[in-house]
Amino acid sequence: MHKANVSIWFFNGVLLTTYGLMIGGYGVYELVSGHTPPVVLAYLHAPLWWGGGMLALGLLYCYKFAPGKDNHATK
Amino acid sequence: MTVPPSPLMLPAVVALPPQHLAHLAPLDIAIIAVYFAMVIYIGFYLKQRNNTSEEFFLAGREMTAWIAGLSFISANMGSLELMGWAASSYQYGILAAHWFWIGAIPAMLFLGLVMMPFYYVSKTHSVPGYLKLRFGESSRLLAAVSFAIMTVLMSGINMYAMALVMKVVLGWNINFSIWVSSVTVALYVALGGLRSAIFNEVLQFVLIWAGALLIPILGLIETHGWAGMRARIQHNFPGQDFTHMWHGLGAFNHNPMGVHWTGIVFGLGFVIAFGYWTTDFLVVQRVLSAQNLRAAQMAPIIGAGFKMLVPIIVILPGLLGLAVLPHLLPESVAAHVPGANSYNEVLPLMLVRYCGPGLLGLGITALIAGFMSGMAGNVSAFSAVWTYDIYHAQINKRAADSHYVTIGRWSTILGVLVSIGAAYLVMQFASIMDYVQALFSFFIAPLFGTVILGMLWKRATAAGGFWGLLSGTVTSVSLYLWVHFNPAALAHVAFSVYAKTMAENLYRALWAWIACVVVTVVVSMFTTPKTDAELNGLVYGATVLPKLEAVPIYKNHWFWAAIVITGFFIVNVVFW
């Protein structure tokens with residue numbers, strides 16, 4: 001019987017990539033449009049760099065633990 | 001589910017005022033929806049890998065040290081744990097970090113280095129299962145029934161309190177929060193068993209950090225670092241010490257918790273922490289899923305390393321709250337002041353302070369993830385104990401393995417339904433939460449006494465184990481009732497008229513453990529012990545532990561334990 005063999009780290013990568021795109025994308029919009037939310041330190045554009053960081057980490061995990069590579073699901 | 005010593009502050013959460021603290025944008029809703037879709041997908045994806053009971057209840061015992069270790073720590077990181085401890089650090093300052101450092105690290109290392117070989121080599125499926133092997137059926141039944149009942153009740157209480165937090169923070173309907181979150185957990189645990197719970201816990205661990213870490217980072221930027229934060233706290237609260245861990249513990253009345261260092265070291269650091277981290281099946285189950293003995297020993301050490309960092313996302317936001325939100329009030333006061341906010345709201349307030357659309361959704365997802373990881377931990381542990389230690393042991397001993405997997409799936413759903421029932425019960429009778437939390441804590445300290453004597457002392461007998469466990473529990477209940485009906489008794493239980501509730505919990509645990517150990521030893525001396533052959537694989541001195549293969553030093557668990565314990569001493573000295 002076929003057994004599931006996608007690593008948990010790949011799932012993490014997918015989630016971080018998705019969130020990175022969503023939050024980082026909003027950060028870009030915020031920067032370009034100048035519409036910053038009424039939060040403290042808004043000028044730091046946290047969504048941009050936090051989302052960017054998540055995106056980079058997510059892509060790294062997606063690549064490193066992609067299904068088909070030598071990754072057992074429980075690694 | 002949480003560490004028993006944790007001040008969950010559930011009654012306080014119940015009293016939160018009705019205004020909403022945050023409003024979610026469509027982007028935030030989308031982030032939460034993505035999370036739910038992902039955890040349900042994982043449950044369906046892993047369903048195909050749960051054909052045997054070993055796979056369903058122990059994830060096939062093939063988890064790596066990293067996955068077992070992160071799951072071990074994540075099952076303990078409920079959202080109320082996060083919110084409750086942030087509130088505690090606002091109230092008590094950095095003293096609250098004791099529950100993360102001395103109240104966890106030594107115990108977790110002890111589990112990995114000393115106890116894990118016996119749990120693992122005995123091939124037990126649960127902690128009550130170990131008691132059966134070591135002390136007999138009566139001890140297992142006592143531990144299993146108490147654990148099963150308390151686990152689902154605690155799960156229900158956490159579920160209700162979480163739904164209430166969502167109502168206060170976001171204005172969500174309580175029924176909606178309870179049913180959506182619990183049905184999701186039931187679905188992915190019933191489908192994928194412990195493997196699904198563990199996979200999701202690792203996912204939730206990452207999410208909790210991604211969602212919560214931004215608060216201390218931005219908070220420290222706003223206050224210009226640790227020194228700036230301390231200066232602001234001293235300015236806001238002149239004459240009060242919120243940033244020293246041991247400095248004020250020389251006397252009960254020199255610190256806001258009303259505790260003494262002996263209570264912290266022996267009550268918390270030894271009895272309660274060791275009781276929870278080494279015998280509570282909720283966390284031990286995660287480690288039992290490890291692929292080999294070395295991974296099983298390494299997992300709690302990895303967990304300990306991350307546990308030491310958790311104050312960054314829990315305690316530090318509370319301290320930053322003292323610096324930038326100095327007007328929060330005790331719950332009892334805030335409830336009567338229109339527009340006022342209480343200590344309990346410090347974490348969501350800090351989240352709203354720094355996080356706009358997207359990041360706010362991520363932070364709220366982190367809270368939901370925390371709740372769901374805690375609940376999944378509860379129901380998967382309940383399912384294993386119910387199936388192995390109650391159903392299999394007492395009701396149906398000879399069924400096929402597939403039958404027990406089916407029972408496991410249904411008991412997961414049953415556990416969730418009972419939890420939901422408990423949540424609605426608490427909704428009607430809020431004071432029940434106090435009693436159930438106390439009830440849960442009654443079993444932790446004596447259970448540790450029984451298990452540790454069972455593992456380290458060959459002379460301990462079945463009768464000694466059972467009567468020790470029972471008398472420790474009775475001692476704990478008696479002391480609780482004594483102080484409950486006569487508050488002046490606290491001075492006797494905790495040695496000081498200045499002792500407060502926190503001190504009572506610590507010393508009550510210590511007394512219960514002492515009673516358990518004394519009774520176990522005395523009864524054992526008058527009863528017949530098992531032979532060495534019968535104790536093989538269960539007790540130190542009667543077990544030949546398997547020799548681990550040689551590995552490079554950076555893969556050796558003793559090496560990493562030394563790193564963690566060194567870090568533990570350093571943080572305690574730095575924040576002395």
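Lettering follows sequence order; numbering is per chain, from 1. Below, all heavy atoms of this structure are taken into account, side chains as well, without hydrogens, waters or symmetry copies.
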For B:L220, side-chain contact (heavy atoms from CB on, under 4.5 Å) partners two or more places apart: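 Applying side-chain contact (heavy atoms from CB on, under 4.5 Å) to B:L220 gives B:T223, B:L316, B:L320.
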To the nearest 0.5 Å, how far apart are CG in A:L44 and OH in B:Y354?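 One finds 10.5 Å between CG of A:L44 and OH of B:Y354.
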In terms of heavy-atom pairs under 4.5 Å, which option from [options] contacts chain A the most?
options                       : answer
B:V352, B:I198, B:L207        : B:L207
B:L214, B:V202, B:L27, B:V206 : B:L214
B:G356, B:A210, B:P357        : B:P357

With a 4.5 angstrom heavy-atom cut-off, is it the side chain or the backbone of A:M22 that approaches chain B, or both, or neither?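 For A:M22, heavy atoms of backbone and side chain both lie under 4.5 Å from chain B.
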Contact class of [X] relative to chain A, heavy atoms under 4.5 angstrom:
X      : result
B:A25  : neither
B:Y35  : both
B:L70  : side chain
B:I217 : side chain

Got a sec, which residues hit ring pair (Phe, Tyr, Trp, His ring centres under 6.0 Å) with A:W49, two or more places apart in sequence or on another chain?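 Checked A:W49 against ring pair (Phe, Tyr, Trp, His ring centres under 6.0 Å); zero matches.
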Taking all non-hydrogen atoms of both residues into account, name the closest pair between B:L359 and A:P47 and its distance.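 Smallest heavy-atom distance, with atoms named: CD1-N, 3.7 Å.
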Enclosure of B:W66 CH2 (heavy-atom neighbours >12, cutoff 6.0 Å):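 Not buried by this count: 12 neighbours or fewer within 6.0 Å.
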What residues of residues 29-43 of chain A sit under 4.5 Å from chain B when you count only heavy atoms?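 A:P37, A:V39, A:V40, A:L41 fall under the 4.5 Å cut-off.
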Contact listing (chain B partner; residues 11-19 of chain A; heavy atom under 4.5 Å):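 Within residues 11-19 of chain A, near chain B: A:F11, A:N12, A:V14, A:L15, A:L16, A:T18, A:Y19.
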